[in-house]
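What follows is a single structure, written as structure tokens, with notes after it.
Sequence lines set the chain letters: A, B, ... in the order given, protein chains first and strands last, and positions in each chain run from 1.
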Amino acid sequence: MKLTESFYIRKNVPLIARQMLGKVLTTKINQQVTSGIIVETEAYSYKEKGSHAFKGMTKRNEVMFELGGRAYVYLCYGMHEMFNVVTNEAGKADAVLIRALEPVLGIEIMQERMKANASARITSGPGKLTKALGIDRKLNGEDLKKNIIWIEDPGIKIKPAAIACSARIGIDYAGEDALLPWRFSIKGNKWISKK
DNA sequence: TACGTGATCACG
DNA sequence: GTGATCACGTAA
């Protein structure tokens, strides 16, 4: 069943990011269903310099300031769409970046979408999984309770010992906050993004 | 390691 | 208006 507000609207964003491992992200776009198990995430809090929300609200990040349980999608490096889940209550702009998935449904559809750059590991990275699942900025602000993009709990329990945590990737600009161990992944999973 | 790529944001 | 920068991916 779908995750509800009681999951998303909590204060502890690293905890939410960790608990998102093993959940299933699904999109239904143009009647095409694609999904994957979340195997790598990163937490971002408005209180630390790694977050887009650290300096306050802008046109780009305004959905981060809405109530938890929505999609925050933005363009990075002029070519990659990035998908985040907004968490916490309105005004407290926390988010979890989904960095990698293990494909489950619609694998052929994903391969078709990735055709231009045919790689075997179609969902192993934040820019790739959005393309594979058809996620783009049109979904910015989309409510995850609806039937376009959502996350379900398949009831798989991930043991604490099976979770790796480390510093987040690609945020050197955040100074000492770049060292926070807020990147989580399922140990040994083949679909984790490359180093 | 290098660079494509274009929106965004902090300056004036 | 302008310019530096960017929560990446790929080729090499």
Contact under 4.0 Å: Tyr173(A) side-chain N or O vs dA7(C) OP1/OP2
yes
When you check the phosphate oxygens OP1 and OP2 of dT10(C), does a side-chain N or O of Lys128(A) lie under 4.0 Å from one of them?
yes
So side-chain hydrogen bond (donor to acceptor under 3.5 Å, both in side chains) across residues 20-30 of chain A, not counting sequence neighbours, yields Thr27(A)-Thr34(A)
side-chain hydrogen bond (donor to acceptor under 3.5 Å, both in side chains) contacts in which one or both residues fall within residues 174-184 of chain A, not counting sequence neighbours:
Glu40(A)-Arg183(A), Lys49(A)-Glu176(A), Ser166(A)-Arg183(A)
Could you state the [atom1]-[atom2] distance from [X] to [N], rounded to the nearest angstrom?
X	N	atom1	atom2	result
Glu81(A)	dG6(B)	CD	P	12 Å
Leu129(A)	dA7(C)	CG	C1'	12 Å
Asn84(A)	dC8(C)	CG	P	11 Å
Arg168(A)	dC8(C)	CZ	P	12 Å
Ile192(A)	dG9(C)	CD1	C1'	18 Å
His80(A)	dC8(C)	NE2	C1'	4 Å
Met79(A)	dC3(B)	CE	C1'	8 Å
Asp94(A)	dA7(C)	CG	C1'	15 Å

Identify whether the distance between the nearest side-chain nitrogen and carboxylate oxygen of Glu42(A) and Arg99(A) falls below 4.0 Å.
yes
Quick one: are Phe54(A) and Lys47(A) in side-chain contact, heavy atoms under 4.5 Å?
no
Residue list, salt bridge (charged side-chain N to carboxylate O under 4.0 Å, His left out) with Arg137(A), at least two apart or on another chain:
Glu81(A)
Let me check something: any side-chain donor-acceptor pairs from residues 145-152 of chain A under 3.5 Å, sequence neighbours excluded? List them with distances.
| from | atom 1 | to | atom 2 | distance (Å) |
| --- | --- | --- | --- | --- |
| Lys145(A) | NZ | Asp143(A) | OD1 | 3.4 |
| Lys145(A) | NZ | Asp143(A) | OD2 | 3.1 |
| Asn147(A) | OD1 | Lys2(A) | NZ | 2.6 |
| Trp150(A) | NE1 | Glu152(A) | OE2 | 2.9 |

Which ILVMFWY residues can you reach from [X] by hopping between side chains whose heavy atoms are under 4.5 Å apart?
X	answer
Met79(A)	none
Met1(A)	none
Met64(A)	Tyr44(A), Met57(A), Val63(A), Phe65(A), Tyr72(A), Tyr74(A), Met82(A), Val86(A), Leu97(A), Ile171(A), Tyr173(A)

Going by heavy atoms closer than 4.0 Å, what residues in residues 40-54 of chain A are next to DNA chain C?
Tyr44(A), Gly50(A), His52(A)
Canonical and wobble pairing (Watson-Crick, G-U, under 3.5 Å) of DNA chain C, dot-bracket with |:
||||||.||||.
Please tabulate, one pair per line, each protein N/O and nucleotide N/O from nucleotides 7-12 of chain B that are separated by under 3.5 Å, including the distance.
| from | atom 1 | to | atom 2 | distance (Å) |
| --- | --- | --- | --- | --- |
| dC9(B) | OP1 | Thr58(A) | OG1 | 2.5 |

Can you sort out the partners of Tyr46(A) under ring-ring contact (aromatic ring centres under 6.0 Å, His included), two or more places apart, ordered by chain and number?
none
Output all residues satisfying side chain to side chain contact (heavy atoms under 4.5 Å, CB included) with Arg18(A), sequence neighbours left out; order by chain, then residue number.
Ile163(A), Phe184(A)
